[in-house]
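Reading through the structure tokens given below for one structure.
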Amino acid sequence: MTQGAADAATEVPAPGRTQPAGRPSAAAKPARWAADAVTALREGARLHLDYSAQSLWRVDRVIDELRREDTPYGAVENVLRGLGAYGGEVIVRRTGGEWWSTGGDHWVRTPDGRLWDPVDEARRCFAGHGSLRLLCRDATG
């Protein structure tokens, strides 16, 4: 679990209201960010993401490539948010977890009660210290 998720575990946010589709309202933004990232990578890089755990290998490589190209953080901040949200959606779909949010931050809560911060993990990956693939493995294993 990332440090941000560990800190968040000490103060559990209140769950969001439920939307008509049955997903908590906290899922609306990250689900949209993830879908936008999937579309952007499919159209821009011809990279197919299917919400599988295996697809996170490709996501980690994309983030690693951005870092190796010395891309300024400000230029990829929204991309990282989308890729982190994608990683979170993979965890939600594999575990039956749900998105939680408070104060503009978004976490995934798995059925065992643990909180995960995939958006921060994408930022850590960009800094060379994280992996969405490993976060998913830890959250689902």
> Quick one: does NZ or CZ of R67 land under 6.0 Å from the six-membered ring centre of F126, within 45 degrees of the ring axis?
Replying inline: no
Heavy-atom donor-acceptor pair, [X] side chain to [Y] backbone, under 3.5 Å:
{"X": "D60", "Y": "R133", "value": "yes"}
{"X": "S101", "Y": "G104", "value": "no"}
{"X": "T71", "Y": "L66", "value": "yes"}

>> Do V90 and V38 sit in one hydrophobic cluster, given that two such residues count as connected whenever their side-chain heavy atoms are within less than 4.5 Å of each other, even indirectly?
In response: yes
>> Just to verify, what does R123 make a side-chain hydrogen bond (donor to acceptor under 3.5 Å, both in side chains) with, not counting sequence neighbours?
In response: Y73
> With side chains defined as the heavy atoms from C-beta onward, is the minimum distance between D138 and W116 less than 4.5 Å?
Replying inline: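 Yes. Closest side-chain heavy atoms under 4.5 Å.
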>> Can you confirm whether W107 sits close enough to T102 that some side-chain heavy atom of one is under 4.5 Å from a side-chain heavy atom of the other?
In response: yes
List the atom of [X], the atom of [Y], and the distance in Å for their closest heavy-atom pair.
{"X": "R94", "Y": "C136", "result": "CD-SG, 4.1 Å"}
{"X": "L135", "Y": "E121", "result": "CD2-CB, 3.9 Å"}
{"X": "A139", "Y": "R114", "result": "O-NH2, 3.7 Å"}
{"X": "P118", "Y": "V108", "result": "CG-CG2, 4.1 Å"}
{"X": "L47", "Y": "R58", "result": "CD1-CD, 3.5 Å"}

>> Side chains of W99 and E89: any donor to acceptor distance under 3.5 Å?
In response: yes
> What's the spacing between D50 CG and R93 CZ if we round to 0.5 Å?
Replying inline: 10.0 Å
>> Rounded at 0.5 Å granularity, tell me how far CZ in R61 sits from CD in E65.
In response: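 Those atoms lie 10.0 Å apart.
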> When T110 is tested against each of V92, L115, I91 for side chain to side chain contact (heavy atoms under 4.5 Å, CB included), which residue passes?
Replying inline: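 Looking at V92, L115, I91, the match for T110 under the side chain to side chain contact (heavy atoms under 4.5 Å, CB included) is I91.
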> Above 12 or not: heavy atoms from other molecules or residues under 6.0 Å from CZ of R46?
Replying inline: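 Counting other residues, nucleotides and ligands, CZ of R46 stays at 12 neighbours or fewer.
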> What's the verdict on side-chain contact (heavy atoms from CB on, under 4.5 Å) for D105 and V119, showing C-alpha distance, side-chain angles and the deciding distance?
Replying inline: CA-CA 9 Å; D105 293 324; V119 174; over 6 Å; no
>> Could you work out, with side chain to side chain contact (heavy atoms under 4.5 Å, CB included) as the rule, every residue matching V59, not counting sequence neighbours?
In response: L49, L56, I63, L83, Y86, L132
